Amino acid sequence: MAMLIDGKAVAAELRAQLRQKVQRLWQERAIRPGLALLLVGDNPASQVYVRSKAKACQEVGFLSIVEHLPADTPQQVVFDYVARWNEREDIHGILVQLPLPKQIEEQEVLLRIAPWKDVDGFHPENVGRLVLGLPCFVPCTPAGILELLRRYVGPLSGKHVVVVGRSNIVGKPVANLLMQKTPDANAIVTVCHTGAHDLAQYTRQADVLIAAMGVAGIVGPEHLKEGAVVIDVGINRVVDPASGKERLVGDVRFEEVLPRVAAITPVPGGVGPMTIAMLLWNTYRAATGEVWRR
Ligand code: NDP
């Protein structure tokens, strides 16, 4: 019987812990963690994500600021927001929701976020620190995946983790995180992408498969060895042929692989809620200054 990796429950537990830590931080040091969120344009998924992040901030007692700018906002205006938030003492974390409209260069914006406020972990300084194994803000989705594996699977040392996807947001940082020589990680990591002509040849070797392609239902039982652990990062909107309604599915054909796997994350309710929980933790740590300071 496959074990369900319940990201929703773990995220709720992490938020409850954080609520208490936020109260203590206020009582002991008069600090209230603050997160500034910038949304540019009308991407419906981005709007949902930003709303969920702001709501989660309120739930744990953070200050949160949301700026929603029109899709044709000039790049300089975005730079100015980031510069102002970099200076504000009550803002400890800055998150610019991606993707940005075409006239705004993503990397230029990320470069301008003070690295000690970069709670998404996308600034090159944090990326470099992650690769070097130095204290840093770890991107939220990879951090959430490691937390789930730590709780449900245990030490990964010597286990073969196959990551499918090499984006800067998920694939690359999760591979870097899991290969670190740390007690929680120390895995043997293989990274696949569209250059892999026979994907199953690689994924069938995985003790842990991390699917982060953004292709609905591409992974089936033929991609897995018996008893593998599956982390399904994909969030894909599909129309249910029976009801005609839109629903969210992962990259993995959940029902089909269930008899073959030891444990699996559902979509929704697996990795997604963990991403927001880890964003809150990163913001808390930015406020305490415990990760690293300027
Ligand atoms: P990207 O589109 O940036 O990257 C997808 C990666 O998957 C690329 O490296 C691509 O390879 C690879 N890929 C695509 N198709 C195949 C294939 N058929 N075989 C092998 N590799 C393939 O996506 P993201 O990393 O941003 O996101 C991936 C998914 O995770 C999406 O569904 C996204 O919505 C979801 N997501 C979920 C989060 C959560 O909180 N649960 C957070 C972030 C993302 P190549 O590089 O060669 O093009």
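Both counts, for ligands and for their atoms, begin at 1 and track the order of listing. All figures in this text were calculated on a predicted structure; none of them were measured in a lab. All residue numbers in this chain count up from 1 along the given sequence.
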>> Give the residues near ligand 1 by chain and number, with the criterion being a heavy-atom distance under 4.0 Å.
In response: Thr141, Val164, Gly165, Arg166, Ser167, Val170, His193, Thr194, Ala212, Met213, Gly214, Val215, Ile218, Val233, Gly234, Ile235, Asn236, Val271, Gly272, Thr275
> Run the salt bridge (charged side-chain N to carboxylate O under 4.0 Å, His left out) check on Lys21 and Glu28 step by step: do they pass?
Replying inline: CA-CA 10 Å; Lys21 287 173 85 74; Glu28 290 168 9; over 6 Å; no
> Roughly how far, to the nearest 0.5 Å, is NZ of Lys172 from NE2 of His193?
Replying inline: 10.0 Å
> Is Tyr284 reachable from Ile65 through a run of I, L, V, M, F, W or Y residues, each pair having side-chain heavy atoms under 4.5 Å apart?
Replying inline: yes
>> With heavy-atom distances below 4.5 Å as the criterion, would you say the side chains of Arg247 and Arg237 are in contact?
In response: no
>> Is there a side-chain contact between Leu224 and Leu209 in this structure, where contact means two heavy atoms from C-beta onward sitting under 4.5 Å apart?
In response: yes
> With no hydrogens and no angle check, do the side chains of Gln76 and Asp80 hold a donor and an acceptor under 3.5 Å apart?
Replying inline: yes
